[in-house]
Chemist: 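If you scroll down you'll find the structure; I have some questions about it.
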Amino acid sequence: MQAEALQSKVVSESVRAFLSFTTEDKPLVDAFRAQIGLQHPQVELLDHAVTDRYQEDWKRECAGKIGRSAMLICLVGAKTHRSKAVAWEVDHGLSLGKRIVAVNLTATGARVPEVLVRNAIKPQQGIAGMVLTSASAPVLEREAHGHSG
């Protein structure tokens, strides 16, 4: 009974997750967002994509969004390993003690970014449901109950 009450509380509360990805993967990221939206409507996905019009304050903007998130999800595509922005976002999330989950966006997987290798974070295959249920349930529960991780 308590578990059911806890689960219903988690589902009813909004939880934030920061998405870290490269702009080249935008179509795959949009599909990931749609899957999360269908499976976990209580999850608010934040990001701050670095565009060709490089913004001077992107680190400040990202830092604020990562700070307000319960976790960071690194979406790994074909060119993610080259992205300095993704490396910075993951490093910043780690420095804040955020849980980091990595997900391969492609069926065959892709080269794993050094920041993930260095921190022993292994990307999972595109399994949005598992990412937000089994891998991060304790984080989501703490966030839903007003405790930061």
Chemist: Salt bridge or not for R16 and E44, using N-O below 4.0 Å?
Modeler: yes

Chemist: Taking the side chain as C-beta and beyond, is there a heavy-atom pair between V103 and P123 under 4.5 Å?
Modeler: no

Chemist: Going by side-chain contact (heavy atoms from CB on, under 4.5 Å), name the residues that satisfy it together with R118, two or more places apart in sequence or in a different chain.
Modeler: D91, E114, V115

Chemist: What closest approach, in Å, do A110 and N104 show between heavy atoms, and which atom pair accounts for it?
Modeler: N-OD1, 3.8 Å

Chemist: Heavy-atom count check: over 12 atoms from other residues, nucleotides or ligands less than 6.0 Å from K79 NZ?
Modeler: no

Chemist: Measure the CZ-CG distance between R68 and L46 for me, rounded to the nearest 0.5 Å.
Modeler: 6.5 Å

Chemist: So, does K98 use its side chain to make a donor-acceptor pair with the main chain of G67 at under 3.5 Å?
Modeler: yes

Chemist: Taking side chain to side chain donor-acceptor pair (under 3.5 Å) as the test, write out the residues that go with S20, two or more places apart.
Modeler: E89

Chemist: For residues L75 and L19, determine if any side-chain heavy atom of one lies less than 4.5 Å from a side-chain heavy atom of the other.
Modeler: yes

Chemist: To the closest 0.5 Å, what do you measure between NZ (K122) and CD (Q124)?
Modeler: 9.5 Å

Chemist: I need the L96 CG to S69 OG distance, nearest 0.5 Å.
Modeler: 10.0 Å

Chemist: If you compare all heavy atoms of D25 against all heavy atoms of G77, which two are closest, and at what distance to 0.1 Å?
Modeler: OD2-CA, 3.3 Å

Chemist: Any side-chain heavy atom of L45 within less than 4.5 Å of one from F18?
Modeler: no

Chemist: Suppose the criterion is ring pair (Phe, Tyr, Trp, His ring centres under 6.0 Å): which pairs have a residue in residues 59-88, not counting sequence neighbours?
Modeler: W58-W88, W88-H92

Chemist: Let me confirm one number: the CD1-CG distance from I100 to L72, rounded to the nearest 0.5 Å.
Modeler: 4.5 Å

Chemist: Please step through side-chain contact (heavy atoms from CB on, under 4.5 Å) for the pair V76 and L116, ending with a clear verdict.
Modeler: CA-CA 10 Å; V76 180; L116 298 178; 3.8 Å; yes

Chemist: Between atom CG of D30 and atom CD of Q35, what is the distance when rounded to the nearest 0.5 Å?
Modeler: 13.0 Å

Chemist: Please tell me if the side chains of F21 and T80 come closer than 4.5 Å, counting only heavy atoms from C-beta onward.
Modeler: no

Chemist: State the CZ-CD1 distance between R99 and I121, to the nearest 0.5 angstrom.
Modeler: 9.5 Å

